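A note on names: the letters A, B, ... follow the listed sequences, proteins ahead of strands, and every chain is numbered from 1. The model shown is predicted, which means the values in this text are computed figures rather than measured ones.
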Amino acid sequence: MARTQDEGAPNAVRLGRGRSKRRLGPARLRSYFEDTPLGATIFPTCHDGGMVEISNPDKVYFPDDGITKEQVVNYYQTVAPVMVDHLVGRPLTLQRFPDGIGKSGFMQKNASKHFPDSIERVEVPKEGGTTNFPLVDNPDDLVYLANQGTITFHIWTSRQPHLDCPDRIILDLDPTEDAEPPRDAALAARTVFDDIGLDSGLMTTGSKGYHVVAPIEVDHDYDIVGQMARILATVMAVRDPDTLTIEFRKKKREGRVFVDWLRNRTAQSAVCAWSIRPRKGATVAMPISWDELEGTDPDHWDIDTAPDRADDPVIWPDPNALDVEKVLALGEDHDVEPEESFDRFRS
DNA sequence: GTACCTG
DNA sequence: CAGGTACAACGCGGC
DNA sequence: GCCGCG
Ligand SMILES: [Mn+2]
Ligand SMILES: [Mn+2]
């Protein structure tokens, strides 16, 4: 059960004056392991003695803001208890900037060999081979990856043990450059979800748009769920063709909000809640309530303000069953057909 | 940030 | 031993 | 066949 730290080392951050590395106390677990007494110190995976070291803490990661690597790692340490719930079981794509966002970064799908064993890998087939995605299920591993220069975490819409079947539908509202926050688009997404009996939640992306997220019972594969998402997005665009589009080409969007349903296809990913974005201001993707939509711009929350909400986070609604027939009927009402290959009687 | 390869 | 490099990638429609 | 897109 709960263990205490070795040799009476203090739990508080030990500031190594004049040293190049700092140690954080062991990350705390709260909501994920619900039977853990608050404040107990446990080491579910116990690498590095439960301590996570910050290398190069003073390296500047956000040049415009003077935000250091230490601040980034400390941020993930602080929000880990709530963020881990969003990561558990989901293949991760890491967006890493080892020298800060002023230098070039890269996306990483395969877990590096030097990642600790406590970070599980899941092997996923791809066209010419396989990808070994990393999985995170505890705060220490999240903090480890932050120390590896990860600024943003991207996740699948499915999770173990059912990686073939999404547990949510995401409608990603992408405005064009210099457009107003797509609030009406978010409300329209909520409406189509309501129309088919799905409760939905709302998230700022930390950039220019919102994600509307509808948890679903794990029952349909990516083919089905992807098609349902396409129909829903198309219905939105049919209902409000002047402000919404599913047109992939930017030139053809003509100022309209792109309803991006492609997040729901296999092997695609979407930014994870509580992730920092590699943008000026170190903004954060943050779940918010529908009541907050009017007063919350997509880039409202940031690395400084987000931890304030970690104690009382907005969480996704409970999943509902995805009623495929209802989606097809809604589509037909708007002259939206499923793809030719779609067979409603497949298993 | 780190491993690995090349010179 | 220093320096350079890799570290994603899947469509799917339109040109 | 590439390009544009996340
Ligand atoms: Mn978006
Ligand atoms: Mn998008």
Side-chain angles (χ1 to χ4, degrees), chain A residues 20-21 48 52-61 68-70 72-73 76 91-116 119 121-134 141 143-157 170-177 182 205-211 222-223 225-227 229-230 233-234 237 245-254 256-272 275 277-279 285 298 338-342:
Chain A
S20 64
K21 295 185 174 182
D48 192 26
V52 180
E53 226 167 51
I54 307 179
S55 51
N56 301 310
D58 298 324
K59 183 183 277 193
V60 174
Y61 264 21
T68 62
K69 181 183 180 189
E70 180 175 37
V72 169
V73 178
Y76 281 114
L92 297 183
T93 300
L94 312 176
Q95 194 174 5
R96 296 175 57 190
F97 294 83
D99 294 312
I101 68 168
K103 301 288 183 59
S104 61
F106 55 93
M107 304 289 283
Q108 179 171 1
K109 298 196 169 186
N110 280 287
S112 298
K113 248 177 288 183
H114 69 271
F115 289 178
I119 296 179
R121 280 80 160 164
V122 58
E123 187 170 2
V124 175
K126 64 174 182 185
E127 63 170 41
T130 62
T131 302
N132 279 79
F133 286 89
D141 291 336
V143 172
Y144 174 87
L145 293 174
N147 186 59
Q148 288 289 301
T150 306
I151 299 289
T152 309
F153 295 81
H154 301 266
I155 56 175
W156 281 25
T157 58
I170 300 175
L171 290 175
D172 166 22
L173 293 326
D174 289 338
T176 55
E177 226 40 50
T205 63
S207 179
K208 294 179 201 147
Y210 302 98
H211 286 187
Y222 272 100
D223 279 345
V225 175
Q227 294 239 29
R230 185 185 59 78
T234 308
T245 181
I246 58 167
E247 184 57 59
F248 197 63
R249 300 225 152 198
K250 277 187 171 175
K251 277 190 297 186
K252 294 195 169 185
R253 293 182 195 167
E254 296 171 342
R256 294 172 291 178
V257 174
F258 176 45
V259 183
D260 181 1
W261 57 274
L262 299 164
R263 303 303 94 220
N264 302 285
R265 298 186 69 86
T266 182
Q268 295 294 303
S269 62
V271 63
C272 183
S275 282
R277 308 308 301 273
R279 300 167 50 87
E339 280 175 18
E340 197 67 33
S341 60
F342 187 76

query: Which nucleotide sits closest to the side chain of A/K250: B/dG1, C/dC12, D/dC5?
result: D/dC5
task: Take A/H154 and A/M107, measure what side-chain contact (heavy atoms from CB on, under 4.5 Å) needs, and give me the verdict at the end.
output: CA-CA 10 Å; A/H154 301 266; A/M107 304 289 283; 3.9 Å; yes
field: Spacing of A/Q95 atom CD relative to B/dG1 atom P, expressed in whole Å
entry: 16 Å
- prompt: Hey, is the side chain of A/N147 poking within less than 4.0 Å of OP1 or OP2 on B/dG1, counting only N and O atoms?
  reply: no
- prompt: For A/Q268 and A/W156, which heavy atoms make the closest approach, and how far apart are they?
  reply: O-CD1, 3.6 Å
message: Over all strands shown, is A/R253 touching base, sugar-phosphate only, or nothing at heavy-atom distances under 4.0 angstrom?
response: sugar-phosphate
- prompt: Roughly, in whole Å, what's the span from CD1 in A/I246 to C1' in D/dC5?
  reply: 14 Å
message: Applying a 4.0 Å non-hydrogen cut-off, can you work out what A/K59 is touching in the nucleic acid: base, sugar-phosphate, or nothing?
response: sugar-phosphate
- line: Between CG of A/D223 and P of C/dC10 the distance, given in whole Å, is 15 Å
- request: Check whether any side-chain nitrogen or oxygen of A/Q148 sits under 4.0 Å from OP1 or OP2 of B/dT2, and answer yes or no.
  value: yes
Protein-nucleotides 4-8 of chain C N/O pairs closer than 3.5 Å?
residue, atom, partner, partner atom, Å
C/dA8, OP1, A/K109, N, 2.9
C/dA8, OP1, A/N110, N, 3.1

- prompt: If you measure from CG on A/D260 to CG on A/L173, what distance do you get to the nearest 0.5 Å?
  reply: 9.5 Å
- line: One should read off an interatomic distance between A/K109 NZ and A/S269 OG, to the nearest 0.5 angstrom, of 6.0 Å
query: Quick one: CG on A/N147 to CD on A/E53, what's the gap to the nearest 0.5 Å?
result: 8.0 Å
task: Return no unless some side-chain N or O of A/Y61 is found under 4.0 Å from OP1 or OP2 of B/dG1.
output: yes
query: Nearest to the side chain of A/R265 - C/dG11, D/dG6, B/dG1?
result: C/dG11
task: Could you say whether A/E247 or A/A267 is positioned toward the 5' end of DNA chain C, judged by the nucleotide with the nearest heavy atom to each?
output: A/A267
message: Can you measure A/E177 atom CD to D/dG4 atom P for me and round it to whole angstrom units?
response: 17 Å
message: Tell me whether the side-chain N or O atoms of A/R249 pair up with the base of D/dC3 as donor and acceptor below 3.5 Å, since no angle test is needed here.
response: yes
Same-atom distance (C1') from D/dG1 to C/dG11, integer angstrom: 15 Å
- request: Just do the side-chain contact (heavy atoms from CB on, under 4.5 Å) check on A/Y61 and A/I101 with the steps written out, would you?
  value: CA-CA 6 Å; A/Y61 264 21; A/I101 68 168; 5.9 Å; no
field: Euclidean distance for C1', C/dA9 against D/dC3 (whole angstrom)
entry: 15 Å
message: Under 3.5 Å, is there a donor on one side chain and an acceptor on the other for A/T157 and A/R263?
response: no
- request: Would you kindly give the CD1-to-C1' distance between A/I54 and B/dG1, to the nearest whole Å?
  value: 14 Å
Separation between the P atoms of B/dC4 and C/dA8, rounded to whole Å: 15 Å
message: I need the CZ-C1' distance between A/F115 and B/dA3, as an integer number of Å.
response: 12 Å
Interatomic distance, A/T93 atom OG1 to A/F153 atom CZ [nearest 0.5 angstrom]: 11.5 Å
- line: Rounded to whole Å, the CZ-P distance (A/F248 to C/dC15) equals 14 Å
field: Spacing between A/N264 atom CG and C/dC10 atom C1', to the nearest angstrom
entry: 15 Å
